[in-house]
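Side-chain atoms are counted along with the backbone in the values below, which use heavy atoms only and exclude waters and symmetry mates. Keep in mind it's a predicted model, so treat the numbers as computed, not measured. Just so it is clear: chains get the letters A, B, ... in the order the sequence lines come, proteins before strands, and each one is counted from 1.
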Amino acid sequence: MKDKATKAQSAGEKKLHRKNQIRKWAPAYLMMLPGLLYFFINNYIPMTGLIVAFKKYNVRDGIYNSPWNGLQNFRFLFTTGDAVTITRNTILYNLAFIIVNTLLGIVLAIMITEIRHKLAKKVYQSVILFPFLVSIIIVSYISFAFLSADNGLINRTILEPLGKESISWYTEKKYWPFILTIVNTWKTAGYSSLLYIAAITGIDDTLYEAAKIDGAGKFQQIWRITLPSLVPTIITLALLNIGRIFHANFGLFYQVPMNSGSLFDVTNVIDTYVYRALLKIGNIGMASAAGFVQSVVGFVLVYLSNLLVRKLSPDDALF
Amino acid sequence: MIKTKGEKAFLFASHFFLAVTTLCVIVPFILLFMSSITDENELIAHGYSFWPGKFSLEAYHYLIRKGSSIFRAYGLTIAATCVGTIAHLLMGSMLAFCLSMKTLPGRKFWNLYVFFTMLFSGGLVPTYLLYTNTLHIKNTFWALVVPYLMLNAVHVLLMRTFFSNSIPSAIFDAAEIDGAGTFTIYRKIILPLGKPILVTVGLFAALDYWNDWLNGLYFMSDMSMYGIQTFLYRIMEDIRTLASTAQGASSFATIQIPSTAIRMAIAFVAIIPIAVLYPFLQKYFQEGITLGAVKG
């Protein structure tokens, strides 16, 4: 009997405790609600919507009630040969960007940290970062000013006076791997240098002092101290970028080449392909199949690259 | 400190290389500006140039006189930037504050919930179908504000880390003993003391809104609902379509396309807010990038 009573009492206490807990945390949950709801709508519902890749979508039935279609959408995607082109372009461009940005970022960072003159340092650093903050549309305007066939700067001011044929930049494929790499470098070099500047500033000064006493010159200091100290940062950033190698900067590949059809072979990446299939051609099946592959492979890559980062430098790992 | 010959040479080389790089970055912007103040006939005759034969402010006059659709686009971008940034900061900071409370029930789960959105995404197709066919956001102002930009996990996690590492927990304990509720603590402690991170995050949210052209591209078919970046995109797209389809000059007359100088003027005006604010805020930009890069 007594046992029962204490049980009842403790049950009551628990209830009271729970009530108190709810009262205590209700405001916090209320404050979290808008943000959590937003992620639910903007991120989680679309994740479930990925199943549209296995459906024959029609607007009336929506994503979830449209009839299943098996692997038909994927079959279409892979028989056209587009899949190979867009995957190749996405990966190769991203690899080129990673390599160029890493090299240039390190060179710029080493030089910027070397400058002692405060104003000069600030000017260099902030100017080089500036293009990163400008929209890709503005960048496409600027590149058009250089490349326009009729009155672009390169054709009219450089090639014409030299007596050379003007080049129809927006229809000639062979130049675009370089143009896109240059444009991307111009826009993001400052950004990547910033990350290395942070890493270089963290290097222990006494290492350099000791090296100097031992008679090491500037280049030896860079070669033996700076670069080895940067290796973890270089690897971490490269891995994180490789994790995102399946995602391309849509604007760079869509609008900088002016969406020019004759350049698709060298400018079409997964993101532009999905957009065109969805909104220009209206082929939801193909768009969703390509998008599905991108999401899933992208996830696997992020996951794997993070496992590696965690091994190398746990502080920088995402999880 | 005495510099060795090698150090001097290296310093000189650094100055040289950085000066050249800086120039390479600035020169395209100068071209953009110069072509906006070039006389249109001069532009057609001699192309874009750094020092035009004939200057003209006609493009800017035109913007002021006839630019109602352009001003509308600017207005929409400004409105979306303000509304969106405020929503972003409010939702984000409230969520981040709660996630930073060590005793919050379900804390681990909700952290993972936010974090997972950084790893996996549904991509364009399901997002597009959800917003257009289910939520019917197309051609409304909300299409500029809500999709993609109103919150992101990186910002929430950055704020969470700041709140839990940079604000002494003794302050919270004291506030709690004084009987302050969660919301009071948020308003009286988090908002004032979290200012550095709020400014940084707000800056990047505002920049994302200002530079966004994709929401306009995806969710607007009505040109009068374009923000300025999408508006600029559309002008270029029209030129391209025209160039690839129009054979005779007669069809040029039917579609109104702003002259080159006017286009460049619109683009230049779209950079001005960033260029003007940048020198004052660059510290926050640089800090934000270094903070967010790895986790971004």
Do B:Y113 and A:Y44 have their ring centres less than 6.0 Å from each other?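 That pair passes the under 6.0 Å test.
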Could you tell me if the ring centre of B:F29 sits under 6.0 Å from that of A:F130?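 Ring centres of A:F130 and B:F29 closer than 6.0 Å.
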Whether over 12 other heavy atoms sit under 6.0 Å from A:K122 NZ: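 Open: at most 12 neighbouring heavy atoms sit under 6.0 Å from NZ of A:K122.
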Please check if the number of heavy atoms outside B:F280 that lie under 6.0 Å from its CZ is greater than 12.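 It does not: B:F280 CZ has 12 such atoms or fewer within range.
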State, yes or no, whether a side-chain contact exists between [X] and [Y] at a heavy-atom distance under 4.5 Å.
| X | Y | answer |
| --- | --- | --- |
| A:Y57 | B:N133 | yes |
| A:T157 | B:H46 | no |
| B:T134 | A:I45 | no |
| A:L153 | B:F50 | yes |

Between the side chains of B:S14 and A:E114, does any donor sit under 3.5 Å from an acceptor?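 No.
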Could you walk me through whether A:V302 and B:F120 pass the side chain to side chain contact (heavy atoms under 4.5 Å, CB included) test, one step at a time? CA-CA 9 Å; A:V302 174; B:F120 192 62; over 6 Å; no
For [X] and [Y], which heavy atoms make the closest approach, and how far apart are they?
| X | Y | answer |
| --- | --- | --- |
| A:S295 | B:G123 | OG-N, 4.1 Å |
| A:A145 | B:Y48 | O-CD1, 3.4 Å |
| A:Y254 | B:W213 | CD2-CH2, 4.1 Å |
| B:Q229 | A:I138 | OE1-CG1, 4.1 Å |

Under 4.5 Å from a heavy atom of chain A, the part of [X] involved:
| X | answer |
| --- | --- |
| B:L130 | side chain |
| B:L232 | both |
| B:L214 | side chain |
| B:L18 | both |
| B:F10 | side chain |
| B:L207 | side chain |

What part of A:I128 gets closer than 4.5 Å to chain B, counting heavy atoms only: side chain, backbone, both or neither?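 Both parts, backbone and side chain.
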Mind ranking B:R263, B:M264, B:K5 by heavy-atom pairs under 4.5 Å with chain A and telling me who comes out on top?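 Looking at each of B:R263, B:M264, B:K5 in turn, B:R263 comes out on top.
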Between atom CD of B:Q282 and atom CG of A:L129, what is the distance when rounded to the nearest 0.5 Å?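 The distance works out to 8.0 Å.
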